[in-house]
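Below is one structure; the comments refer to it alone.
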Amino acid sequence: MTRLTEREIGVELETMEGWALSDGAVQKRFSFDGFPEAVAFVASLVEDAEHANHHPDIRIAYRHVTVAWTTHDAGGVTTLDIAGARMTDRRARSAA
């Protein structure tokens with residue numbers, strides 16, 4: 001998998017609300033009504049991530065979830081990460 005350039009990532013991020021490039025990953029913070037909803041959202045990501053054999057870094061802080069996608073083997077963001085971020089947004093809309 002080939003790492004995307006910062007310009008290529010920027011073009012993708014322009015179409016993705018709330019996502020940003022930070023520390024070599026595309027990241028977004030999601031907020032929920034409470035801890036159970038935050039954990040349920042994280043659980044909803046599992047099936048798609050397993051199917052793609054590509055997994056995000058996830059941080060849960062009470063009712064907030066930060067999801068970061070990067071391809072460690074490529075040393076940065078690839079098309080797999082952009083696809084993962086878009087999947088994450090679809091799951092977040094379903095959770096709302």
Side-chain angles (χ1 to χ4, degrees):
M1 184 63 45
T2 303
R3 188 173 76 200
L4 298 174
T5 66
E6 283 193 33
R7 179 183 162 106
E8 291 169 324
I9 296 166
V11 168
E12 293 290 345
L13 293 180
E14 287 177 9
T15 67
M16 301 166 60
E17 185 176 336
W19 288 90
L21 179 62
S22 179
D23 297 324
V26 288
Q27 299 184 37
K28 183 174 180 177
R29 184 177 189 221
F30 297 86
S31 296
F32 298 93
D33 290 338
F35 183 71
E37 293 83 2
V39 172
F41 167 66
V42 170
S44 78
L45 301 176
V46 172
E47 185 176 341
D48 288 335
E50 282 293 300
H51 180 72
N53 194 30
H54 191 61
H55 308 88
D57 294 327
I58 299 171
R59 180 176 176 266
I60 302 172
Y62 177 48
R63 64 183 200 94
H64 305 287
V65 177
T66 301
V67 179
W69 288 93
T70 189
T71 303
H72 299 286
D73 292 346
V77 176
T78 68
T79 57
L80 284 175
D81 303 305
I82 299 301
R86 291 184 189 285
M87 177 275 295
T88 303
D89 276 342
R90 285 191 302 276
R91 292 296 182 182
R93 284 192 295 275
S94 296

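We use all heavy atoms of the structure for the numbers below, so side chains are in, but hydrogens, waters and symmetry mates are not.
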Q: Step by step, work out the side chain to side chain contact (heavy atoms under 4.5 Å, CB included) result for R86 and T15.
A: CA-CA 10 Å; R86 291 184 189 285; T15 67; 3.0 Å; yes
For the [atom1] atom of [X] and the [atom2] atom of [Y], what is their distance to the nearest 0.5 Å?
X	Y	atom1	atom2	value
H54	H72	NE2	NE2	8.0 Å
R93	D89	CZ	CG	5.5 Å
E8	T5	CD	OG1	3.5 Å
L45	R91	CG	CZ	7.5 Å
E50	D48	CD	CG	10.5 Å

Distance-only, no hydrogens or angles: does the [X] side chain make a donor-acceptor pair with backbone N or O of [Y] under 3.5 Å?
X	Y	value
S94	R90	yes
R63	F32	yes
Q27	A20	no
T66	R29	no

Taking all non-hydrogen atoms of both residues into account, name the closest pair between [X] and [Y] and its distance.
X	Y	result
G34	E37	N-OE1, 3.0 Å
I9	V77	CD1-CB, 3.6 Å
T78	A74	CG2-CB, 3.6 Å
A25	T70	CB-CB, 3.8 Å

Treating Ile, Leu, Val, Met, Phe, Trp and Tyr as nodes and any side-chain heavy-atom pair under 4.5 angstrom as an edge, say whether [X] and [Y] lie in one connected cluster.
X	Y	result
L21	W19	yes
L4	L13	yes
M16	I58	yes
L80	V46	no

Q. Salt-bridged, E17 to K28, with N to O below 4.0 Å?
A.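 Looking at K28 together with E17, the answer is no, because their closest N to O distance does not fall below 4.0 Å.
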With distance as the sole criterion, is a donor-acceptor pair present between the side chains of [X] and [Y] under 3.5 Å?
X	Y	value
T79	R3	no
W69	T88	yes
T71	D81	yes

Q: Can you label the angle between the F30 ring and the F41 ring as parallel, tilted or perpendicular, going by 30° and 60°?
A: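 Ring orientation, 0 to 90° scale: tilted.
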